[in-house]
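What follows is a short report on a single structure.
Labels below follow one simple rule: chain letters A, B, ... track the order of the sequence lines, proteins then strands, and each chain is numbered from 1.
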Amino acid sequence: MREGVARVGRLLRYIVIRGLLIIPTILILYTLIFILLRVIPGNPILSALGTHYVPPEILQEKMHRLGLDKPLYVQYFDYLWNILHGNFGESMVIEGRSISKDLAYRIPATIELTIAGFTVSVLLGLITGTLAALRRGSKIDYSMRVYGIVAYTLFIPWLGSLFILLFSVYLGWLPAGGRLDPSITLKRITGIYTLDAILTGNPAAFFNALKHLILPALTLGIVLSGAYTRLVRSNLSDILQADFIRAYRSRGLPETKVLKYALRNAMIPIVTYMGLQLAILLGGAVLTETTFSWPGLGSYLFEKIQYRDYSAIQGTIMVFAFMVGLVSLIVDIIYALIDPRIRY
Amino acid sequence: MESVVRLEDVSVHYYTFTGVVKAVDRVTLDIPRGEFVSFVGESGSGKSTLALALLRLVPPPGRIVSGRIVFNGMDLLSLPEQKMRELRGKSISMVFQDPMTSLDPVRKVGEQIADVYIEHGVTTDMEEALKLAREALEMVGIPGDRVNYYPHQLSGGQRQRVLIAAAVALKPSLLIADEPTTALDVIVQAKIMDLLEDLMKELKMSVILITHDIALAAERSDRIAVMYAGRVVEYGPVDAIIENPLHPYTRGLLESAPDLWGEKRIKGIPGNPPDLRNPPRGCPFHPRCPRRFDPCDKDEPEYVKVDDRIVSCHLYTR
Amino acid sequence: MPTISGVTQQIFGRKPGRGLLLTGLAIILAFVILAVFAPWIAPYGPTERSVPSSLAASPQPPDRNHIMGTTELGYDVFSRIVWGTRIVLYVVAFSAILSMAIGVPLGLVSGFYGGKLDRILSMVMDSIYAFPGIVLALAVASVLGPSPTNAAISLSVVYVPTFFRMVRGQVLEVRESLYVEAAEALGYPNTHIMLYHVLPNVAPTILVVFGLAATDAILTEAGLAFFGLTVSYPSPDWGLDLRVGLRYLDQGAWWATLFPGIVITLLALGFALVGEGLGERYAIRTER
Ligand SMILES: Nc1ncnc2c1ncn2[C@@H]1O[C@H](COP(=O)(O)OP(=O)(O)OP(=O)(O)O)[C@@H](O)[C@H]1O
Ligand SMILES: [Mg+2]
């Protein structure tokens, strides 16, 4: 019992230290983006307004409103202070439009998509990788290796367009875009629609949201699964050769159990990899959202790039940076929990 | 004399890209019940492969290509896999060479011992199985509370004890130990060997020890089987073999173990073991044999019985 | 210095990964040919209205004159793909060279000298590396404005850390090895050691990572094009054509997305196979 308490204490300490370590990462990205958007010559407002002529007074007023007339170092700390308080400023294009509100509305959609896509990719990767590892050198192994390479090289909007063509245009089974049919009402709680539907006990909305989620999640999941296929294949086939697996067999454990323990060992490096994969997952989500008109951060970024709304672009990128930091922290914690050899 | 296991003409081949490796070649012998039998031979002579064949765990690309392995009256090679699995860990157990890698690093050692009780139907309750695991640990001289330790928290010697505990948990009638002490330091080695001997008496097991240390084999065993290039070239009671080795290879091995024969100078055996993909014609030892004569490079020697020994050498074929 | 026959031996010799390597190289070569000989291969110009104006209002399916069909403006899809190859290869090659030219020397120096500079550089590079590449490239490209050269610069921002991390890691390993220690003991200057002892040893890994980074870069380039950040429509670029084609998907105009997508994936596959083949040959395992 006392040991349990000590363990939790040590784990908390570990989490705090790991948490502190992501601060420099986020600061570096913040600085980089700041330099990129504010320091590089060229007036962002002017480019945001396009090539139209803007009277100098109006420009001056706008610059003042957005705080762009202050010295750069003041802008740097002001903006940092603001975003730490959840205030991402105001749109450069639509006057008075709060970026924080936009982002808050879009974040849950991206979370829903990435979690679904992640789940699909891990499941697919585990199945294909395990099949390959169990039949090393066979035709199955060969096809899974090919799958592992090809899946990674698929261009997301292309795969998405093939799915839309097949399942929406020809078969008419699944919607080609959006998150929910307009005819369906759903009370927004978390903004993750499938979850909200469950929380409010609304099966119609749940199945509708799920229907909208299937194609985007499948697209994202397949493309990301290739890396897992290869990783599971190589890790698992190494582990299956390990002495302790032979020892398990020598004690009469059935093959299903042996495979279970082998997978548990093979998962450890794969969890680390999930952290690295996160960047690819979020990047893939941006393209997936744009393809399926999924109203998340990615399609937001797409819109704002079309309008050159730099304050919105900056805000979106900072949200991505926070998400990367947060999830890599979570991965670290999971890693510490599943590998008893990690000291914390 | 009743035997616990009897090998008849057992051959194991590895089908590699570069050719067929005859790792075990037509081995025939009897292991008497309750005895301690050592298999000795140079690296690559097929000792481990033979041990794995007894459990039918030869890894691909290896295959048991012929023969019979009779254990308690059953031919293991014709048992269905399910039946064979039930024997593993219950009637025939094995302890491996490297205790550092033979335990699952992410599971507690207690759980790994408890597996045996659950898989072989002793109990279905994990708590109960862990209690039994505790007792098994104590039997091999490790405090019972170590069930909650992960392998990396134990020393090499302790890990080997854990593996032995898991192997003898169900009191098997045959324990195979494949170089169980090679990875350990000398003092620990002796203790582990003592433990094996004690357990053997206590649980009335037969033990097969695999080693390339003929001195160790001589000290501990009732019988010795000498392997060369996949063949058992000589097999018999330990005293007879030490006093009067029949096969020139056995003699060579003994001469290279100085403390056994009190020789001043270690004499090695000149030359190297043959390539098992392409063994020499006739007796596989003939290129290195100091006493080779006419038939050695032409005909393969049959097994001959000399007193209570068997030997495969032309010196005794007529 | 490697000789010509040495190099051909390296590539075509009967060694592991030969099939993968040759297939990959063949794919890449095919696209290079398309780019170089575009005017002779493409039946139409990239923005030539190649159908009678009566039909030009909607995309037309493939027929004898247009093997991959036409777009809504009457452009020949096949011709646009051929011409688009030039843009894609330009952006990817430029960015690959640029990110290697920056990432490799930085990684060499940082890993070789260590110290404070190394720690700061590593931290910056790791932070960028952990960030979604396409998002970063989109941000940079949107600031710089849409053009192939700007797209290439944006891609380099993403891939400099890839080369930096890999080279630095390798240098740390090679540094410990005997020949570098021997060279140091013999009193060779650091630049000499780096160029003649460290660099040749990390070269195979650089090549493997190059294959993988190029795969990634092609997909990211297509992403930039998809967002309209490489060229402005109606200039041809595969990713952009794909996005324009998406609008006509619900009319069943599959050819306007299918073909541009196939070439993106095919070219990416070409580089992936090269990376894979080299990895197998030199038994190099990478993160991706
Ligand atoms: N998985 C395998 N694939 C191919 N050949 C193998 C394999 N395992 C063993 N061999 C070959 O079979 C022969 C016998 O090997 P084995 O491991 O049984 O020898 P050993 O007597 O136990 O040697 P050691 O003392 O080194 O453990 C050797 O020639 C070896 O190269
Ligand atoms: Mg062995």
Side-chain angles (χ1 to χ4, degrees), chain A residues 24-29 32-33 36-37 40 42 44 47 145 149-150 152-162 164-165 168-170 176 227 230 234 273 275-287 290-291 298 301-302 304-306 308 310 313-314 316-317 320-321 324-325 328, chain C residues 20 123-124 126-145 157 212 215-216 218-220 222-223 226-229 238-239 242-243 245-246 249-254 256-258 260-273 275-276 285 287-288:
Chain A
T25 305
I26 290 180
L27 271 183
I28 287 171
L29 284 169
L32 213 75
I33 299 298
L36 192 71
L37 291 170
I40 283 180
S47 33
R145 279 192 72 191
I149 299 173
V150 172
Y152 183 72
T153 63
L154 296 172
F155 185 47
I156 286 178
W158 181 55
L159 184 63
S161 75
L162 294 182
I164 292 175
L165 203 60
S168 310
V169 179
Y170 290 148
R230 308 166 48 154
S234 68
Y273 183 79
L276 293 171
Q277 178 86 342
L278 179 73
I280 309 171
L281 179 68
L282 285 174
V286 170
L287 289 171
T290 320
T291 311
L301 192 63
F302 181 74
K304 297 305 158 188
I305 284 177
Q306 309 303 312
R308 304 200 184 172
Y310 290 115
I313 295 175
Q314 187 178 14
T316 315
I317 289 172
F320 274 114
V324 170
S328 59
Chain C
L20 295 172
M123 208 153 163
V124 173
D126 285 352
S127 303
I128 302 178
Y129 187 79
F131 196 75
I134 181 145
V135 178
L136 192 60
L138 286 172
V140 180
S142 71
V143 171
L144 298 178
V157 175
L212 297 175
T215 310
D216 230 56
I218 285 157
L219 296 168
T220 313
F226 187 79
F227 271 63
L229 291 172
W238 302 342
L242 179 59
R243 191 188 101 212
L246 273 181
L249 210 53
D250 52 2
Q251 302 172 15
W254 48 271
T257 49
L258 180 73
I262 285 182
V263 286
I264 295 169
T265 291
L266 201 57
L267 183 56
L269 186 62
F271 280 100
L273 290 177
E276 193 79 5
R285 275 195 185 181
E287 281 168 356
R288 286 197 186 161

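Here the side chains of C:F131 and A:L32 are not in contact, with every heavy-atom distance at 4.5 Å or above.
When C:I134, C:L249, C:V140 are compared by the number of non-hydrogen pairs under 4.5 Å with chain A, C:L249 comes out ahead. Per-residue counts of heavy-atom pairs under 4.5 Å with chain A were compared for C:V135, C:L273, C:D250, C:I218; the largest is that of C:V135. Between chain C and the options A:L29, A:I164, A:I313, the largest number of non-hydrogen pairs under 4.5 Å is found for A:L29. For the options A:V286, A:L301, A:L282, A:L154, heavy-atom pairs under 4.5 Å to chain C are most numerous at A:L154. When the candidates C:G133, C:A268, C:G275 are compared by the number of heavy-atom contacts under 4.5 Å with chain A, C:A268 comes out ahead.
A side-chain donor-acceptor contact under 3.5 Å links A:S328 to the backbone of A:G325. Panel note: side chain A:Y152, backbone C:D216; no donor-acceptor pair is recorded below 3.5 Å. In this structure, C:T265 contributes its side chain and A:T153 its backbone to a donor-acceptor pair below 3.5 Å.
Looking at C:L258, the atoms closer than 4.5 Å to chain A (heavy atoms on both sides) sit in the backbone and in the side chain alike. Both the backbone and the side chain of C:I262 come within contact range of chain A, with heavy atoms under 4.5 Å apart. Interface residue A:I28: only side-chain heavy atoms are found under 4.5 Å from chain C. With a 4.5 Å cut-off on non-hydrogen atoms, A:L27 does not touch chain C at all. In this structure, no portion of A:L281 lies under 4.5 Å from any heavy atom of chain C. Interface remark: C:L266 contributes no atoms to any contact with chain A (heavy atom separation under 4.5 Å). Contact annotation for C:L246: only side-chain heavy atoms (C-beta onward) come within less than 4.5 Å of a heavy atom of chain A. Heavy atoms of A:V150 lying under 4.5 Å from chain C belong to its backbone as well as its side chain. Proximity to chain C (any heavy atom under 4.5 Å) is restricted, for A:Q306, to the side chain, taken from C-beta onward. For A:A321, the parts sitting under 4.5 Å from any heavy atom of chain C are the backbone and the side chain alike. Only the side chain of C:T215 comes within less than 4.5 Å of a heavy atom of chain A; its backbone N, CA, C and O stay farther away.
Annotation for A:T291 and A:S161: closest pair CG2-N, 4.4 Å, computed over non-hydrogen atoms. For A:P24 against C:M123, the heavy-atom pair with the smallest separation is CB-CE, 3.0 Å.
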>> If you apply the rule side chain to side chain contact (heavy atoms under 4.5 Å, CB included), what do you find for A:F320 with C:L136, and how did you get there?
In response: CA-CA 10 Å; A:F320 274 114; C:L136 192 60; over 6 Å; no
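The distance from the OG1 atom of C:T220 to the CZ atom of A:F155 is 9.0 Å, given to the nearest 0.5 Å. With values rounded to the nearest 0.5 angstrom, A:I280 atom CD1 is found 4.5 Å from A:Q277 atom CD. Put simply, CD1 on A:I305 and CG on C:L229 are 5.5 Å apart, with the number rounded to the nearest 0.5 Å.
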